[in-house]
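One-based numbering along the sequence shown.
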Amino acid sequence: MKELFTIFGNPINHSKSPLMHNSAFRGLGYNGCYTRYKLEDGSQLREKFFELNINGANITVPHKKEAFKACDWLDDFAKRVGAVNTIVKRDGKLYGYNTDALGFLKAIEEFKNAKRVLLLGAGGTAQATSAILKDAGYIVTILNRSAKRLEQYREFETYTFETFKITKRYDLIVNMTSAGLEDNILPSPKEILNSVIKDAQACIDIIYGKETPFLKLAKSMGVYIKDGSDMLLYQGVIAFRHFTHQKFSFDEVERYMREAI
Ligand code: NDP
């Protein structure tokens, strides 16, 4: 019987996940089908999951915290960061994982000598990513628009736009805000960006499929830029391997997903 998968989120039209997963199902000869589902009320996620009779799902903005609450079992990393983007159903129970941060870590492997990272934004993705970067030995600083969310980052050097001062050179500057996703806004004031970007090895935006104002600015300053496509790809490969119970290798799943995007 065909196994069904979906991505829950709102908005959901821009998502490339159906394309990627269906390409891998086809290429690998797995009897699966992946759709998209616009979910307005995240508290209904668990109910919808069973109602749609699906085998697994990805969860995107703004429901990753609700997805965390919806699970019966959580892997250690998802537990630590309080956010889930991948759910697999096994024996009627929901198993939750977070593959975003792992996907990001893999996406920055190419920057071999990078050590100091400035994360712009303090939302769900920044929270998971900062934890994994710290574990991997990076020195992470967080800069966020407002102070409230910074309370969760006690182990890190944190700033708001008002308190920011340069104490070091940052190798990587990463936009983890949603500024630039559906608007043309920079993630931080231009003066701050100008002062940090000029010394950076690379600027990365985790928004994918477009050159955001942040990437445009970095490019105009002659700094290497990278969008969120690789992160999207790798989080998808890891999720797919959970969906298919690690039946396929990372490389073979990556091949078909990369072809699709
Ligand atoms: P959250 O809603 O959890 O956090 C949003 C963050 O963005 C907050 O820090 C918020 O600051 C900040 N922000 C929002 N608007 C602005 C603005 N106009 N100016 C400055 N800061 C702003 O979002 P997520 O962490 O879930 O997602 C963030 C982005 O990452 C999204 O664009 C999402 O699409 C993308 N993403 C990409 C992935 C990929 O695979 N490539 C995977 C996961 C996410 P404040 O606290 O002040 O409100």
- Task: Give the intermediate values and the outcome of salt bridge (Lys or Arg N to Asp or Glu O under 4.0 Å) for residues E252 and R255.
- Result: CA-CA 5 Å; E252 52 188 344; R255 195 177 121 213; over 6 Å; no

- Do we see a donor-acceptor contact under 3.5 Å between the side chains of D205 and T212? yes

- Task: Using modelled atom types only, decide if a donor and an acceptor are shared between the side chain of N22 and the backbone of L19 within a distance under 3.5 Å.
- Result: no

- Query: Applying the ring-ring contact (aromatic ring centres under 6.0 Å, His included) test to F25, which of Y34, F243, Y256, Y30 qualifies?
  - Reply: Y30

- Backbone N/O of G42 and side chain of K48: donor-acceptor pair under 3.5 Å: no

- Task: For T6 and T35, indicate whether the former's side chain and the latter's backbone hold a donor-acceptor pair under 3.5 Å.
- Result: yes

- Message: Tell me which pairs pass ring-ring contact (aromatic ring centres under 6.0 Å, His included) where either residue lies in residues 190-229, with sequence neighbours left out.
- Response: F111-Y224

- Item | N58 side chain vs I7 backbone, donor-acceptor pair below 3.5 Å | no

- R80/D75 under salt bridge (Lys or Arg N to Asp or Glu O under 4.0 Å): CA gap, chis, key distance, verdict: CA-CA 9 Å; R80 188 167 147 211; D75 92 331; over 6 Å; no

- Task: Answer with yes or no whether the hydrophobic clustering places W73 together with I59; edges join I, L, V, M, F, W, Y residues whose side-chain heavy atoms lie under 4.5 Å apart.
- Result: no

- 4.5 Å side-chain heavy-atom contact, F5 and I54: no

- Message: Between T141 and Y170, does the side-chain contact (heavy atoms from CB on, under 4.5 Å) criterion hold? Intermediate values first, please.
- Response: CA-CA 9 Å; T141 303; Y170 297 102; 3.5 Å; yes

- Query: Does atom CD of E155 have more than 12 heavy-atom neighbours, drawn from other residues, nucleotides or ligands, at distances under 6.0 Å?
  - Reply: no

- Is N98 reaching over with its side chain to a backbone N or O of D100, donor-acceptor style, under 3.5 angstrom? yes

- Query: Is N53 close to K89 at the side-chain level, that is, under 4.5 Å between some pair of heavy atoms?
  - Reply: yes

- Under 3.5 Å, is there a donor-acceptor pair between the side chain of Y138 and the main chain of V117? no

- Query: Can you tell me if S229 and D227 form a side-chain donor-acceptor pair at under 3.5 Å?
  - Reply: yes

- Message: Please check this pair: side chain of H242 against backbone of V88, looking for a donor-acceptor N/O pair closer than 3.5 Å.
- Response: no

- Hey, does the side chain of R149 reach the backbone of G123 with a donor-acceptor pair shorter than 3.5 angstrom? no

- When you measure from the side chain of R116 to the backbone N and O of K168, does any donor-acceptor pair fall under 3.5 Å? no

- Under 6.0 Å from the NZ atom of K2, do we count more than 12 heavy atoms belonging to anything else shown? yes

